[in-house]
Amino acid sequence: MSVKKERPPKVRWEERTQTPLLVLAVAFGIAYAVPIVAPGAEPWVHRLCSWVEWGVWAAFAVDYAVRLGLAPSRWAFVRSHPLDLLAVLLPMVQPLRLLRVVSTLLLVGRRARMAPQITLTTYVAGAVVGLMMFGSLAVLHVERDAPNGNIKTLGDAVWWSFTTMTTVGYGDHAPTTGLGRVLAVGLMLSGIALLGVVTANIAAWFISRFERDDALERRQTELLEALAREVRELRAEVARLSGPVPAQGGPGGVPEGVGAPGGGSGGVPEGVRDGGPESGREATSEGASGAPSAPRA
């Protein structure tokens, strides 16, 4: 009877909290976008969004603490998850909204990579959309009130993020503040990395497709060779069974024991064989009369 292997508590915790944390990340994105897109909203809306942001960060911090406590080796966990620790500590060092954005993106990316149902293509597409959205909102929040800034609307910010991530850089919109330029550098590096991942993913898909076709061709060739070998063996067996049958009996091909009773070799009567035709007639007449005939004069 097979015994099912029990999974470690840390793995079970990550599987259970995967979906709730992703939902909280979406709520964080909405809470971060509302005050920037609608700066004239009621004060309670801004306060609510701020509470949601801090609440989401706290949830990710609790998740990190629980995983640290469930890890077999805590020091090894800290060394193998430096980005998670940095994302948790950044908002505590300086409570800036931008740092909370960075921390949440890092944590969401980390948990999304651990999800087995999320493929590489889905993850890359989500990363592109997330970076573009948060990059646009962040640069709009920084550059909107800049004296010499030229990114004043959400459309300008989205256009700038797209051209920056693709490393095109038309120059019609560009950040003028120091923090805006830091965001630009981050988007450029992220765009290059994501384009590299997409290119590598496409190349890997083509290579795997070619390898699969080659494996199918090799298998078909092996099957044909095995079939030809069996056909040759069958032909050899048929040729062996269809060969000449060796003759049985004495010389001349006549079976032994075939002939008249008392006859010798070849089934010829003994008298005919010894005395020729006359002797044969005498033997016949003698056998007919039942007595020996008189000698001739």
Side-chain angles (χ1 to χ4, degrees), residues 20-61 83 86-112 124-191 193-194:
L21 289 179
L22 292 179
V23 173
L24 288 177
V26 174
F28 174 86
I30 297 174
Y32 179 76
V34 168
I36 299 176
V37 177
E42 297 292 333
W44 66 269
V45 175
H46 290 267
R47 288 194 301 269
L48 177 62
C49 293
S50 180
W51 292 342
V52 171
E53 292 176 12
W54 280 108
V56 172
W57 171 84
F60 279 101
L83 294 180
L86 182 65
V88 171
L89 295 179
L90 274 178
M92 296 178 63
V93 175
Q94 187 178 3
L96 294 177
R97 303 180 70 198
L98 183 59
L99 294 180
R100 293 200 294 275
V101 171
V102 174
S103 64
T104 306
L105 284 177
L106 291 175
L107 290 174
V108 170
R110 179 74 181 184
R111 297 306 296 267
V124 170
V128 169
V129 174
L131 283 174
M132 185 177 298
M133 181 187 70
F134 282 106
S136 303
L137 294 174
V139 76
L140 179 62
H141 175 68
V142 172
E143 295 289 329
R144 172 185 288 166
D145 299 327
N148 299 323
N150 55 9
I151 302 176
K152 301 297 184 180
T153 62
L154 182 61
D156 295 340
V158 172
W159 172 251
W160 172 84
S161 297
F162 187 82
T163 57
T164 303
M165 288 189 64
T166 56
T167 66
V168 175
Y170 283 107
D172 51 350
H173 296 286
T176 58
T177 62
L179 189 56
R181 290 172 180 173
V182 171
L183 288 172
V185 172
L187 280 179
M188 291 175 191
L189 297 178
S190 302
L194 290 175

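What's counted below: heavy atoms across the whole structure, side chains too, no hydrogens, waters or symmetry copies.
In this structure, T164 and A184 approach most closely via the heavy-atom pair CG2-O, 3.7 Å. Here the shortest heavy-atom pairing between L137 and L154 reads CD2-CD1, 4.0 Å. In this structure, G135 and L187 approach most closely via the heavy-atom pair CA-CD1, 4.2 Å.
In this structure the side chain of W160 never reaches within 4.5 angstrom of the side chain of D156, judged on heavy atoms. Under the 4.5 Å side-chain criterion, counting only non-hydrogen atoms from C-beta, V52 is not in contact with I30. Annotation: side chain of L140 is not in contact with side chain of K152 (no heavy-atom distance under 4.5 Å). With a 4.5 Å cut-off on side-chain heavy atoms, F134 and F28 count as touching. For the pair S50 and H46, the minimum side-chain heavy-atom distance is 4.5 Å or more. Residues V142 and P175 fail the side-chain proximity criterion, which asks for heavy atoms closer than 4.5 Å. Using a 4.5 Å heavy-atom cutoff, the side chains of M132 and M165 are in contact.
For the residue pair D172 / W159, a side-chain donor-acceptor distance below 3.5 Å is found, with atom types taken as modelled.
Annotation: W54 is not in aromatic contact with W51 [ring centroid separation under 6.0 Å not met].
Side-chain N or O atoms of R144 include none that pairs as donor or acceptor with a backbone N or O of G149 at under 3.5 Å.
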